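Report on the following structure.
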Amino acid sequence: MPQTILCAVGTRPEAIKMAPVILALKACHDFDVRVLNTAQHRGMLDKILACFGLVPDIDLDIMRPNQSLAGLTARLLTEIDRVLGHEKPALVLAQGDTTTVMTVAMACFYRRIEFGHVEAGLRTGDIDNPFPEEMNRVVAGRLASLHFAPTEGARQNLLRERVPDDTIWMTGNTVIDALLSVADHKPSLGIDLDETKRLVLVTAHRRENFGEPLRNICGALLELLARHDDIQILFPVHPNPNVRDVVFPMLDRHPRVILTEPLDYVPFVAAMQRATLILSDSGGVQEEAPALGKPVLVLRHETERPEAIEAGVVRLVGTQTDVIVEAVSRLLNDPAEYRAMARGVSPYGDGRAASRIVDVLKERLC
Ligand code: UD1
Ligand code: UDP
């Protein structure tokens, strides 16, 4: 009888980053692979799963409008425990640092089920930034018995926390597997852009940026549009009301701003490919854009992903209006500076992370 591996996903980035792992596990036929969707995200996640041809075996339909962290955590823990009770997996896999991942790890701990952490070892060292993700990944890492670290830096972070060396595997980040599976097929954006303008792609959703920081970011975009009449902004807006209620009133009427619903993964990859540069507080975008040769200015004050910064292809610009405007303007105005940031390096993976993870699991469980 093949052993059961339960793969849990809950939000958009988890679906993108777990899809290559789930597909590789299913392709090897050595395991009974079950997919649990907590649906911490509803619409955004369903679209991503469909994009990779994945149909979850279990759906907890957890999302509520404007959900609180405590309410979300409580509902997840109760429901995941119930699933573990009837699925009885040999191992559970989850990726990253969302509330879904933290509660999956805790539920496994309470049931004495082995938990494997994909994208293990990312740290800023500051539990307030990003909030609550830094604490989520510390908890998940403490409870995991298998750690799939994307980079040597992540492996070193785990070793510093006394995680045993022989439970850590450096695999690369599975997001690069997902990205290459789409980017190599000339994806289409499906939105009419002004071909004479340079495209600035923007995303924002971090909780630390709600309120004043997000208003500052939108203010910076308006100032950039005023200073550079050859740019157009594409901003797929996260459905969180804390984001929409700021972004739409501030930017909706500008003729060179396109605000859209979150894009499906294929058109979003096309948007990154078409962009001149990207402004984002996203984790995944910091990993993907360098591999596509696109500069990213990160709308945060710290990052758990230092490798692309060290390579000089991603820069932290924070959330102050004048700092963002100056940093973007320099890149738009100075071709040499732009070229230095648009080199196309991939510090986060080579597209073969999922197969490395499957190899470890075969050795461990078969
Ligand atoms: C969550 C993760 C964050 C991750 C992000 C990826 C936590 C605490 N946060 O943040 O780490 O970077 O996902 O996008 O786990 N909503 C919808 N439809 C959707 C998704 C969200 O309407 O498909 C709205 C709902 O009102 C929901 C709210 O957004 O209550 C917040 O969703 P939640 O998952 O709690 O937080 P995110 O900010 O999306
Ligand atoms: N993404 C997408 N559509 C969008 C915006 C982002 O498919 O409209 C993808 C992006 O390519 C990346 C992932 O979503 O792989 C990042 O998710 P998000 O920024 O929501 O979360 P984070 O990575 O910050 O946890």
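Remember, it's a predicted structure, so these values are computed and weren't measured experimentally. Each residue takes its place number in the sequence, starting with 1. Counting starts at 1 for both ligands and their atoms, in listed order.
In this structure, the protein non-hydrogen atom closest to atom 6 (C) of ligand 1 is Pro13 CD, 3.5 Å. Summary of contacts: the protein heavy atom closest to atom 32 (O) of ligand 1 is Gln67 NE2, 3.4 Å. Of all protein heavy atoms, the one closest to atom 11 (O) of ligand 1 is Glu133 OE2, 2.5 Å. Looking only at heavy atoms of the protein, atom 30 (O) of ligand 1 is closest to Arg64 O, 2.7 Å. Among all protein heavy atoms, the one lying closest to atom 36 (O) of ligand 1 is Arg207 NH1, 3.2 Å. For atom 26 (O) of ligand 1, the nearest protein heavy atom (residue, atom name, distance) is Asn66 N, 2.8 Å. The nearest heavy-atom contact from the protein to atom 29 (O) of ligand 1 is Asn240 CA, 3.4 Å. Closest to atom 1 (C) of ligand 1 among all protein heavy atoms lies His41 NE2, 3.7 Å. Looking only at protein heavy atoms, the nearest one to atom 1 (N) of ligand 2 is Phe268 CD2, 3.6 Å. Scanning the protein for heavy atoms near atom 3 (N) of ligand 2, the closest one is Leu263 O, 2.8 Å. Among all non-hydrogen protein atoms, the one lying nearest atom 24 (O) of ligand 2 is Gly283 N, 2.8 Å.
Expressed to the nearest 0.5 Å, how far CG of Leu361 lies from CH2 of Trp169 amounts to 8.5 Å. How far OG of Ser280 is from CD1 of Ile217: 9.5 Å, rounded to the nearest 0.5 Å. Atom CD of Gln67 sits about 5.5 Å away from atom CD of Gln40, to the nearest 0.5 Å.
No part of Glu133 comes within 4.0 Å of ligand 2, judged by heavy-atom distances. Contacts with ligand 1 closer than 4.0 Å are made by no heavy atom of Pro130, backbone or side chain. Contacts with ligand 2 closer than 4.0 Å are made by side-chain heavy atoms of Arg206 only, the backbone lying farther away.
At a 3.5 angstrom cut-off on N or O pairs, Gly284 counts as close to ligand 2. Considering backbone and side-chain atoms alike, Arg12 places every N or O at 3.5 Å or more from each N or O of ligand 1. Residue Glu288 places at least one N or O, backbone or side chain, under 3.5 Å from an N or O of ligand 2. Checking only distances, His238 never comes within under 3.5 Å of ligand 2, N or O to N or O. Of the N or O atoms in Ser282, one or more lie within a sub-3.5 Å distance of an N or O in ligand 2. Checking only distances, Met272 never comes within under 3.5 Å of ligand 2, N or O to N or O. Residue Arg12 has at least one nitrogen or oxygen atom sitting less than 3.5 Å from a nitrogen or oxygen atom of ligand 2, judged on distance alone. Taking only nitrogen or oxygen atoms, main chain and side chain alike, Pro262 does not reach within less than 3.5 Å of ligand 2. Residue Thr11 has no nitrogen or oxygen atom sitting less than 3.5 Å from a nitrogen or oxygen atom of ligand 1, judged on distance alone.
When each atom of ligand 1 is checked for a heavy atom of Pro241 under 4.0 Å away, the hits are 26 (O). Atoms of ligand 1 lying under 4.0 Å from any heavy atom of Leu69, numbered from 1 in the order shown and given with element: 8 (C). Every atom of ligand 1 with a heavy atom of Pro132 under 4.0 Å away is listed here by number and element: 8 (C). Counting atoms of ligand 1 from 1 in the listed order, those under 4.0 Å from a heavy atom of Thr99 are 7 (C), 8 (C), 15 (O). Heavy-atom proximity to Met44, at under 4.0 Å, picks out these atoms of ligand 1: 20 (C), 23 (O). For ligand 2, the atoms closer than 4.0 angstrom to any heavy atom of Pro236 are 8 (O). Heavy-atom proximity to Gly43, at under 4.0 Å, picks out these atoms of ligand 1: 23 (O).
Side-chain contact annotation: Thr100 with Thr38, donor-acceptor N/O pair under 3.5 Å present. Counting only N and O atoms by type, the side chains of Ser329 and His228 include a donor and acceptor under 3.5 Å apart. Side chain to side chain, Glu307 and Thr151 meet the donor-acceptor criterion of an N or O pair below 3.5 Å. Side-chain atoms of Asn129 and Glu134 include no donor-acceptor pair closer than 3.5 Å.
Using a distance-only test at 3.5 Å, with no hydrogens or angles considered, no donor-acceptor pair links the side chain of Thr174 to the main chain of Asp177.
A parallel orientation is assigned to the rings of His238 and His205, their planes being inclined by less than 30° (bins at 30° and 60°).
Heavy atoms of other residues, nucleotides or ligands lying less than 6.0 angstrom from CZ of Phe109 number 12 at most. With a 6.0 Å radius and a threshold of 12 heavy atoms from other residues, nucleotides or ligands, His185 has its NE2 atom at or below the threshold.
Under a 4.0 angstrom heavy-atom cut-off, Met102 registers as lying outside contact with ligand 1.
For the pair Lys17 and Glu287, the salt-bridge criterion is met [side-chain N within less than 4.0 Å of a carboxylate O]. A salt bridge is defined here as a Lys NZ or Arg NE, NH1 or NH2 lying under 4.0 Å from an Asp or Glu carboxylate O, and Arg137 with Glu119 fails to meet this definition. Taking the charged nitrogens against the carboxylate oxygens, Arg227 and Glu223 do have a contact shorter than 4.0 Å, which makes a salt bridge.
By the rule that hydrophobic residues join a cluster once side-chain heavy atoms approach within less than 4.5 Å of another member, Leu263 and Leu277 end up as members of separate clusters.
Closest of all the heavy-atom pairs between Leu76 and Thr99 is CD1-CG2, 3.7 Å. In terms of heavy-atom proximity, Val101 sits nearest to Ala94 at CG1-CB, 4.1 Å.
Using a 4.5 Å heavy-atom threshold, the side chains of Lys362 and Phe31 count as touching.
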